[in-house]
Visitor: 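Sharing a structure with you now.
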There are 2 protein chains.
Amino acid sequence: MSETSGAKRIRRDPEVAKALILDATETLMLEEGYAAVTTRAVAKQAGLAPGLVHYYYPSTDDLLVAAYRRTTQRNLESLTAVLSSEDPLQAFWRFQTDTPHMALAVEYMALANHRKAIKAEIARYADYARDLQAEALAPAIRNAPLDHEICPPVCVTTLLVSVARTLVMEEQAGISRGHAETRALVRWLLDRMTAPADA
Amino acid sequence: MSETSGAKRIRRDPEVAKALILDATETLMLEEGYAAVTTRAVAKQAGLAPGLVHYYYPSTDDLLVAAYRRTTQRNLESLTAVLSSEDPLQAFWRFQTDTPHMALAVEYMALANHRKAIKAEIARYADYARDLQAEALAPAIRNAPLDHEICPPVCVTTLLVSVARTLVMEEQAGISRGHAETRALVRWLLDRMTAPADA
DNA sequence: GTCTATATAATGATAGAC
DNA sequence: GTCTATCATTATATAGAC
């Protein structure tokens, strides 16, 4: 079929085209899951020709790794802002329970289990980020309900991320039992922990 | 190609064939993720012809729902055993941190986000199970470190499941930072909670 | 740099032989 | 009940025109 169905050829800055492709990849991962990230779907979502996706990202793994790295970069910037805010612990909780952010993180985690190229990338960043978070949040934990020996800062961040991840994952899956109570508990604990250390 | 490459036709009890198919589905989900559950892969794993899978489970959704229901049935039996054991809270934690069990649960959760037929099934069971767990574990929480008002039983089970899920998910993805400390903390808390109510 | 066209492989699902 | 053969669809990836 050689009917002139095609779109016009638009000359773009390579960085613009790549950004369009990565944006589309992210949208698809969020809305339909990582399995929906196919050459065609990405191209369609981005309004580009399928071939162009392969031009910039030869294989699907290349595309996914590039998308993950950009997300990581952005997350580190958000994290820096969070940790330098007035109430870092509360800001950290808000950041982790932000649905788009955490939902995307969950997709990448699921992806890590099944794409080796991504797995190494994810593990490296996750371990690094947890250390960074624990170190930076430590000063904000002024009034811990548990002894520092039994509950060091890395436990606090691990627990917060665990609960935030579960709340977001389950909400997306239509599960809500216990969520209101758990959110209330975390709010209560964070309020206590961030209160002046004299209660 | 009509070379006689084929396997012999073995007459089985339908229940046996179905069990083989569901076993293969579970194995694939655990080892390669839900995306690896294709008609052909399941048939190969089960040592059966691809056509037979569709004979029992016309569509892939039918297969996945059947597999999920069998898993659910087994989980409820395990849960009953856990809750009637000597130390239900500790047994519950061991059950939730059992890697194959939790890894499979995580795959189904990921699946729920992208297959509508499964989503309803999962949400229904998850909400039901959480209520069941909270109710049954309540008596075992003899010495809670936090007030019952701010941390009711449903919070305890939600938190335990959240942390167990994260530990298993992350370990599978090659992430380990903070895990040892968090496991130690949970052990410490569970020991306190299950101690005689007089400390 | 961008598009169309196509080679190749894998998928879900069905028809029909045994 | 089980298997083989096959169709229609969709995937990754590449070649080449513009």
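Proteins come first, then strands; the chains are lettered A, B, ... in the order of their sequence lines, and each starts at number 1. Since the structure is predicted, the reported quantities are computational estimates derived from the model, not experimental observations.
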Visitor: Can you tell if the side chain of L48(B) reaches within under 4.5 Å of the side chain of R12(B), non-hydrogen atoms only?
Guide: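 With C-beta onward as the side chain, the pair touches.
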Visitor: With sequence neighbours left out, which residue pairs that include part of residues 101-118 of chain B fulfil the salt bridge (Lys or Arg N to Asp or Glu O under 4.0 Å) condition?
Guide: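 Counting only pairs at least two positions apart or across chains, the salt bridge (Lys or Arg N to Asp or Glu O under 4.0 Å) contacts touching residues 101-118 of chain B are D61(B)-R115(B).
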Visitor: Quick one: is dA11(D) close enough that its OP1 or OP2 comes under 4.0 Å of any side-chain N or O from T39(A)?
Guide: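 Checking T39(A) against dA11(D): no side-chain N or O falls below 4.0 Å of OP1 or OP2.
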Visitor: How would you list, by chain and number, every residue that makes a side chain to side chain contact (heavy atoms under 4.5 Å, CB included) with T97(A), sequence neighbours excluded?
Guide: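 Scan of T97(A) (side chain to side chain contact (heavy atoms under 4.5 Å, CB included), adjacent residues dropped) gives W93(A), A164(A), R183(A).
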Visitor: How many Å lie between CD on E32(B) and P on dA10(C), as a whole number?
Guide: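 My rounded result for the distance is 14 Å.
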Visitor: Under a single-linkage definition using a 4.5 Å side-chain heavy-atom cutoff for Ile, Leu, Val, Met, Phe, Trp and Tyr, are L111(B) and V168(B) assigned to the same hydrophobic cluster?
Guide: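 Yes.
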Visitor: side-chain contact (heavy atoms from CB on, under 4.5 Å) for Q96(B) and H101(B)? Distances and angles first, verdict last.
Guide: CA-CA 7 Å; Q96(B) 294 296 339; H101(B) 161 256; 3.7 Å; yes
Visitor: Walk me through it: do V42(B) and Y57(B) pass the test side-chain contact (heavy atoms from CB on, under 4.5 Å)?
Guide: CA-CA 12 Å; V42(B) 167; Y57(B) 304 104; over 6 Å; no
Visitor: Can a salt bridge be assigned to the pair K18(A) and E15(A) using a cut-off of 4.0 Å between side-chain N and carboxylate O?
Guide: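 Looking at K18(A) and E15(A), the cut-off is met.
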Visitor: Heavy atom of residues 11-28 of chain B under 4.0 Å from DNA chain D: which residues?
Guide: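 Residues of residues 11-28 of chain B under 4.0 Å from DNA chain D: R11(B), R12(B), P14(B), A17(B).
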Visitor: Enumerate the residues from residues 59-69 of chain B whose closest heavy atom to DNA chain C is under 4.0 Å, giving them by residue number; use none for an empty result.
Guide: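 Residues of residues 59-69 of chain B that come under 4.0 Å of DNA chain C are, in numerical order, S59(B), T60(B).
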Visitor: In sequence, state the C-alpha distance, the side-chain angles, and the governing distance for Q133(A) and R177(B), and then conclude on side-chain contact (heavy atoms from CB on, under 4.5 Å).
Guide: CA-CA 11 Å; Q133(A) 292 160 7; R177(B) 200 66 98 246; over 6 Å; no
Visitor: May I ask you to list the residues of residues 50-58 of chain B, by number, that have any heavy atom positioned under 4.0 Å from an atom of DNA chain D?
Guide: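 Listed by number, they are G51(B), L52(B), Y55(B), Y56(B).
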Visitor: Under 3.5 Å, is there a donor-acceptor pair linking the side chains of S78(B) and N75(B)?
Guide: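 Absent: no donor and acceptor within the cut-off.
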Visitor: Transitively linked via ILVMFWY side-chain contacts under 4.5 Å: V82(A) with L76(A)?
Guide: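 V82(A) and L76(A): one cluster.
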Visitor: Within the 4.5 Å heavy-atom criterion, are V37(A) and E32(A) side-chain neighbours or not?
Guide: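 Answer no - side chains too far apart.
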Visitor: Reading DNA chain C 5' to 3', how would its secondary structure be written in dot-bracket notation, given Watson-Crick and G-U pairs with both distances under 3.5 Å, brackets [ ] for crossing pairs and | for partners on other strands?
Guide: |||||||.||||||||||
Visitor: Taking atom C1' of dC18(C) as reference, at what distance in whole Å does atom CZ of R9(B) sit?
Guide: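 Atom-to-atom, R9(B) to dC18(C), this comes out as 4 Å.
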Visitor: Within the structure provided, determine whether R70(A) and D23(A) are in side-chain contact (heavy-atom separation under 4.5 Å).
Guide: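 Yes, close enough: below the 4.5 Å cut-off.
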Visitor: Given side chains that start at C-beta, do those of Y68(B) and L64(B) come closer than 4.5 Å, heavy atoms only?
Guide: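 Sidechains of L64(B) and Y68(B): no contact.
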